[in-house]
Each structure stands twice: as structure tokens, then as C-alpha cells.
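One structure is given here, and the rest of the page talks about it.
Below, each value reflects all heavy atoms present in this structure, side chains not excepted, and no hydrogens, waters or symmetry copies. Start at 1 with the first residue, then count along the sequence.
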Amino acid sequence: MKRFIIYTIIATFFSAGLMSQTKTHFEYPMAPDSLATLQEKTSYILLRFWDKADMKKLLNDTVAFNEAFADYVSFIPYASADSVKKSIINLTSRYKNDAKSTLKIVKAAEKNMFSPDAPFWADEQYMLFTKAALSNKKVSAKDKAYYLNHVKMLNASQVGSTVAPISYTTRHGASHQLYDQPGEFILLYIHGPGCDDCAMTTMRLETDFAFNALTKNGTFKIIDIYTGTPDEDWKKSVDSYPYEWEAGTSNDIGQYIDIRNLPAMYLLDKDRKILLRDMNVNQALSMAAAIYKQQQKQQ
């Protein structure tokens, strides 16, 4: 699939004949034949992408700008990190005294690189765009706070970061915090409504022998957070959870940790530092099996 995408990009953007037939809002740059690799070609295009655009006219046409911007970011996964950074800085620095244009650019970046429906996520590059909003003296405090929250959440979700003291509500209505729960390791498991894989993931965690043995002996503490409404269906579902599980709901957990892809699993140490993220259930159960096997050998 990835190879098909790459060949599609090459065929679409590097063929002069096809470029002449492709309707764009301005003339996109063409990489010279002397550049041999895909990375060289995409880097060349990124650095020159906006050169022939009438930016004043383009930014006044929201539809046209968003279409062009979507084409622009489609090159980012294939270009060199240095060229991506330079290209973003070159674009945003033009509008360091223009709040309206800066916000239009950053909103386009949010849609294409950060939002749950984005074609791909590029958090490091997205934060370069948010930096432009945060450093622009004419951007309002409200808009800055909005993008600062994104930056804080992304930074707090990286391996090595310490998770914020997230609060949640148990099925009995009690308010608990992530830091209240003891455990050598914490598996923070987050799921929500409309998630096709969540029910199966929960069932596999519930029924796995090694995983449950580790929760019983205190090696793992699972904290199961549901992002939906704590209705009767949810309360009934958690009745079947193992006794050792901590289950609760939170409608604002996404402000503190990345939950764009559900179910989300984070492995934390006893100090709530993230050891692993973006785990799937197979990885979690394989890890549990290996730890349980090691514990059995030591007995």
C-alpha cells in the first residue's frame, strides 16, 4: 500500500505531462531530473511549493488555500526532516505580524496533520505551525490557549514524559486520580463509544491468563478509562471486569493525553512515566506473557 502511494505521488507530481492536466490554483514546482531519490524530489518541491502562489489572493479564498495546503502537506512524509522544518518556518515567518493569515495556516495544519480525521499525523511538524501562532503578538490570548493545549497534550504523551494527574469518575460516582492507584506498572487503557475494536480488546484483556495473573500479584494495575457517557450500559459492562481493575469515565482525558486513536494503551512505570505508547492488544498480551514466564522462572 505504501509503495502504491509513493508511485502515485511520483506519477502525479513528477510527470510534466500529467502536471499540465492537473488543475491547481497556481503552478507547483517540478523537481529536476538530476534529483534521483524520492526524498530529494519531495524536499525540493516542499522548499519551493509556494513560490508561484499569489498568497494574498490565495489566503482570501479559503477553499482554494485549503486545497493547496492539503497538496503541500502530502509531501511531508517523504521529504527530509530539515527541508520540512525549513519549509514550514519559511511559510509561517511571512505572517509573523498577520494574525488572520497565521491562524488560517495553523488551522489548515490542524486539519491535515493533527485532527482525528487528518490524512496522517505529524505531531512534530504540526507543533512548528502552532509555534507560529504562539509567537505571533497579534494572535489573541484565546487562540493561543487553544493551540498551547495541543502542544501540552502532545508533549505529555511522549515516551519518557510523566502523565498528568488525570481524574476520572468511577461507576459509583467517586472521583479518583491516576496517581491514587498503586502498581509496579500501570496499563492505562482508554476506549470510547463507536470504537469497533474496543469491545474485543477489553474481552481479550479480561480473559488472558498471564495478564490477569500479573494484575492479581500487583505487577500490573490496569486503569480502564471510558470516554463516553457513564450510562447504565457502561455500568453493566464493568460489572464483569476483574476485581483488580480500576474502571472509570472521563470526558476531558483528551486534554491531557493523546487519545486520537482508540483504543489507546500506555504503559507507565510506578512514577507514571510513559514507557510505551501506541500499544495494541497483541503487544500488551505478549508483554504480559513474557513477564509472567520470567516471574515463574524466578520462583
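Side-chain rings of Phe209 and Phe211 stay apart, their centers remaining 6.0 Å or farther from each other. A centroid separation of 6.0 Å or more is found between the aromatic rings of Trp121 and Tyr126.
In this model, a donor atom of one side chain and an acceptor atom of the other lie less than 3.5 Å apart for Asp143 and Ser140. Between the side chains of Lys96 and Ser135, no donor-acceptor pair of N or O atoms lies under 3.5 Å. Side-chain contact annotation: Asp197 with His191, donor-acceptor N/O pair under 3.5 Å absent. Side-chain atoms of Ser157 and Asn155 form no donor-acceptor pair, as typed in the model, at a separation below 3.5 Å. Side-chain contact check for Tyr44 and Gln39: no donor-acceptor pair (N or O, by modelled atom type) lies under 3.5 Å. Residues Tyr168 and Gln177 have side chains that never bring a donor and an acceptor to within less than 3.5 angstrom of each other.
The cluster map of Ile, Leu, Val, Met, Phe, Trp and Tyr, joined by side-chain heavy atoms under 4.5 Å apart, puts Val106 and Leu134 in the same cluster. Both Leu91 and Tyr147 are part of a single hydrophobic cluster, where members link through side-chain heavy atoms under 4.5 Å apart.
Note on residues 273-295: pairs passing side-chain hydrogen bond (donor to acceptor under 3.5 Å, both in side chains), not counting sequence neighbours, are Arg204-Asn282, Asn217-Gln295, Thr219-Gln295, Asp258-Arg277. Sorted by first and then second residue, the side-chain hydrogen bond (donor to acceptor under 3.5 Å, both in side chains) pairs with a member in residues 81-92 read Ser43-Ser83, Tyr72-Ser87, Ser80-Ser83; sequence neighbours excluded. A salt bridge (Lys or Arg N to Asp or Glu O under 4.0 Å) check over residues 150-170, counting only residues at least two apart or in different chains, returns nothing.
Phe185 and Phe220 have perpendicular rings, their planes meeting at more than 60° on a 0 to 90° scale where under 30° would count as parallel.
No side-chain heavy atom of Tyr266 sits under 4.5 Å from any side-chain heavy atom of Leu187.
A salt bridge links Glu27 to Lys52: at least one charged side-chain nitrogen sits closer than 4.0 Å to a carboxylate oxygen. With salt bridges taken as basic N to acidic carboxylate O contacts below 4.0 Å, none links Glu110 and Lys107.
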>> Checking Val238 against Trp245 for the side chain to side chain contact (heavy atoms under 4.5 Å, CB included) test, could you report, in this order, the C-alpha distance in whole Å, the side-chain angles of both residues, the deciding distance, and whether it holds?
In response: CA-CA 9 Å; Val238 300; Trp245 283 29; over 6 Å; no
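Within a 6.0 Å sphere centred on CE of Met200, other residues, nucleotides and ligands contribute 12 heavy atoms or fewer.
Scanning both residues, Cys198 and Tyr189, for their nearest heavy atoms gives O-OH, 3.1 Å.
Distance CG/Leu275 to CG/Leu267: 5.0 Å, rounded to 0.5 Å. Taken to the nearest 0.5 Å, the CG atom of Leu178 stands 6.0 Å off from the CG atom of Leu268.
Under the ring pair (Phe, Tyr, Trp, His ring centres under 6.0 Å) test applied with Tyr28, the options Phe75, Trp50, Phe49 reduce to a single match, Phe49. Between Asp123 and the choices Arg260, His150, Gln158, the side-chain hydrogen bond (donor to acceptor under 3.5 Å, both in side chains) rule is met once, by Arg260.
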